[in-house]
Amino acid sequence: MTQITEAPKKSGGIRDLGKMFGSGSGAKQLGILGALVVIIIIFQVWTGGLTLTPGNLIALVSQYSYILILAIGMVMVIIAGHIDLSVGSVAAFSGIVVASLMQNFNVPWPVAIVLGLVVGALIGAWQGFWVAYVGVPAFIVTLAGMLIFRGGNQFIGNANSVAVPKEFQFIGAGYLPEIGPDTGYNNLTLLLGIVVIVAIVWREFSARRTQAEMGSDMAPLWVSLIKIAGLVIVTGYATYLFSSGRVGTSFPISGIILGVLVLLYSFVTRNTIFGRHIYAVGGNSHAAELSGVNSRRVNFFVMMNMSVLASLAGMIFVARSTASGPQDGLNWELDAIAAVFIGGAAVAGGVGTVTGSIIGGLVMAVLNNGLQLVGVPSDRVQIIKGLVLLAAVAIDVWNKSQGRPSITGFLTRKRTGGAVAVETPPVPRVQDDTNALEPTVGASETNRPSSVTPNN
Amino acid sequence: MSSSPTILEMRSITKEFPGVKALSDVSLTVKAGEIHAICGENGAGKSTLMKVLSGVYPFGTYEGDIVFQGNEVRFRDIRSSEQTGIVIIHQELALIPELSITENIFLGNEPGRGGVIDWKDAKKRAIELLARVGLKDDPDSLIKNIGVGKQQLVEIAKALNKSVKLLILDEPTAALNENDSQHLLDLIRGLKSKGIASIMISHKLNEIEQVADSITIIRDGRSIETLNVKEDGVNEDRIIRGMVGRDLESRFPEHTPKIGEVFFEVRNWTVQHPLISDRLVCKDESLFVRRGEIVGIAGLMGAGRTELAMSIFGRSYGTYVSGTIIKDGKEIVLKNAGDAIDHGLAYVSEDRKVLGLNLLDDIKRSTVSAKLKKISKRDVVDEVKEYEISDAYRKSLRIKTPTVNEGVGKLSGGNQQKVVLAKWMFTDPDLLILDEPTRGIDVGAKFEIYGIIQKLADEGKGVIVISSELPELLGISDRIYTVFEGAITNDIPAAEADPETLMKSMTSAKKKVLS
Ligand SMILES: Nc1ncnc2c1ncn2[C@@H]1O[C@H](COP(=O)(O)OP(=O)(O)OP(=O)(O)O)[C@@H](O)[C@H]1O
Ligand SMILES: [Mg+2]
């Protein structure tokens, strides 16, 4: 009955572009993605073309895949309203356990990997127990875990490094092997690229079909085509780069593990009942429980899953560096948490996506890598990373208070200009009756950044 | 026309949200010292208009002018409107539960010097202010320990401390029982006699008819008319005609109940207070529901109605001590809300913000959130079905929103309530427990909701309705239980009940012998 104006018609192009990745958080991801592209271009110019070379890209993926794997688990923890500070220590602990098993007890490497994951699950169950069933805040539980498992690593390894066998190194330092005719490129990487491209096209059209079925407002065809074209060009170019590296190198195995995990967890968080329950618990745990959600179980599994992924990350790292050492995984939690928040998650939970966090993680990775390439010393790299994190989240918060979706809003602000001077108001200081943008679950949750954008 | 000067004039206010024009060209004129009511359906734009007036939506985010006491005003935020003398009290109170009455009254406005609070002075002034609003409580008591009615009075005391000239109350009595509402209305009248004007939003039209001097009606984001209560001889039906644009023949749909067997029974139900273990919130109580029956539960605020309902719904309140639940002749054990849902129970909470909805979520996901299994295959949610189902509810409940992809946090209060109803109807319950289902809902939508309740009953389901509004209970129920201090005191067929008998049983511990 309230007059509903047709937003899309009104503003046309830019808004439609925003729908490229769906509405709401999709637009937000587009913003972060835009930032990533800008950063890549800046470094490509600044390093004189060194950023987008086969060698550097391959190094980038194998160097950061384990941080990105952590970010996947971390975003789920953060959506549920918790935090995990122990991931670096857990990774180091699992790493040393696996390395010792293989070196001292001659455990075959596939068995060792399974045992490593079991160790992660047990640690996760331990931490999940305290968080979910005793009610100790995850911050405290994982702070304790950070100390316990760092100490555990040094206890088992006598504060020394333990080397791992060659075959095991495959998961961290391996590449897609050379198979088939000599094309001058790595054939498997080419094949992988083609599969990804087909999948992109298929997905976009099946998504359009679903949208049409639901009769929901759909981006015009040209937007989809631009999106497909963009993604195909990027994927194609990346495939070309990855497959044309030094002989013996190609797309890293750890990158493939990461890719599989991203697909799996995006699906779990978006489309499964369990995924929905994570958002429900993080958004309003009282309401979730009254809707029949077992919030303890959700919290337990989210914490447990994090530690399993941390163990996997630890093993990949050990495999890459050929030995497990006492300093492994130091400060990883910080990179993972930063990735998640740059990726648009909210501190108080209920908001965040796996893809967003991965893009956020890539922003950090490219930044790190690029600054190193141009020879910025590590002290300054840290300062810059810190500022970028602060700026990214500040822009996000500011945009939300202006009712714009994240960085996209920031980028399109000037251009849409006066034509669409429609703004959501700043979040009222007080709780109000009808349109509070934040839930009012308890006075303690006042630090929730206002979230106009529904999680998607 | 009356000769008193105008205190406030809002001219051609237009306010847009992305995709929604909440207000278009709305004008409002309030005379000095009057009580001015604003009426309109859910989502008509009432709260939005008041937020424009109080600076929640600052100058520049809307079009139009606001003239207060002869000067054009442009508020940057709530603080600047308060300094001018306009104070808004939102429906969900902005008090801090862990602080005392005094601390809350002076929050953000602390008396003292150089940042050091003068608590002695504060307390003295608090006592004066409390006296003005007729509250006799100790100013040191914590907010969480006083009832909602009293909290509302503390809010007004807080406003008086800010030397208010125009008080805005957005649905102030929605969460109050009749006594507390009456007290509040008297207080507003008292303020009027001291020259303080008030703007009041309410869906309780009888209250408006009682206290308002003028009424502005808003429909679809436009101001339709302003009525002068005395001169125009306004009554409830007249207001409704303005709100919905047509006459509403009756408040309750015609209904002939088709009542069957007893299918749901609670026996000897005893529940402990969640924190104080020697206090029972429910002592050895029993009740039953027949198929096709609408059972009302009447009781004063704090009588334990919600506690009883929530403890039945999977022990969601307090600590279970003893008692059994029997459904369709078999005993069922409901250890949590999930069990209760699986056994066909649904509970629509009275507190939609805290217990009913995840405000970060969108409408379609909220609608299906209490029974995802129903639209999932092997734990994977079917998003097409999710959309279709929630869109069907949007249409049938007339939820005012462009699409079901919008966040529930953006909906107006009444429309959020409709989403909560949809969410529980979707679980397809055998027994639907509704706790204050029409709180904050406009007359037209109430009629629709009553119709839905009756339809569910006619399908052979049982419905329990908890309500503080006795006319509503009498109008919709087939049978009514009264509750006093955690005990069921009476069980009356609605046909034999009237407000007086209900009130008597609601206020005395004497138990009638129940069959
Ligand atoms: N922040 C917002 N973003 C988008 N739309 C909004 C926002 N706030 C309000 N609206 C829309 O503006 C319209 C008017 O809402 P408003 O809260 O003023 O209604 P109301 O008259 O107070 O209704 P109720 O009686 O249900 O409280 C509704 O359609 C609502 O969905
Ligand atoms: Mg309202």
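So that the names make sense, note that chain A is the first sequence line, chain B the second, and so on, each numbered from 1. Just so it is clear, the values below take in all heavy atoms, side chains as well, and ignore hydrogens, waters and symmetry mates.
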What part of [X] gets within 4.5 angstrom of chain A, counting heavy atoms only: side chain, backbone, both, or neither?
| X | answer |
| --- | --- |
| B/Asn336 | neither |
| B/Lys373 | both |
| B/Phe313 | side chain |

Roughly how far apart are [X] [atom1] and [Y] [atom2], rounded to 0.5 Å?
| X | Y | atom1 | atom2 | result |
| --- | --- | --- | --- | --- |
| A/Leu290 | B/Ile341 | CG | CD1 | 8.5 Å |
| A/His286 | B/Ser349 | NE2 | OG | 11.0 Å |
| A/Ile273 | B/Ile375 | CD1 | CD1 | 8.5 Å |
| A/Tyr279 | B/Asn358 | OH | CG | 11.0 Å |

| For atom CZ of B/Arg315, is the number of surrounding heavy atoms from other residues, nucleotides or ligands below 6.0 Å larger than 12? | yes
| A/Phe267 versus B/Val380: any side-chain heavy-atom pair under 4.5 Å? | yes
| query | chain A: which of B/Asp391, B/Asp342, B/Val384, B/Thr427 shares the most heavy-atom pairs with it under 4.5 Å? | reply |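 Option with the greatest count: B/Val384.
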| task | Grab the two heavy atoms, one from A/Ala287 and one from B/Lys423, that are nearest each other, plus how far apart they are. | result | O-NZ, 4.5 Å
| query | Salt bridge between B/Glu386 and A/Arg270, side-chain N to carboxylate O under 4.0 Å? | reply | no
| query | Hey, is the main chain of B/Lys353 close enough, under 3.5 Å, to the side chain of A/Asn284 for a donor-acceptor pair? | reply |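 Yes; at least one donor-acceptor contact below 3.5 Å.
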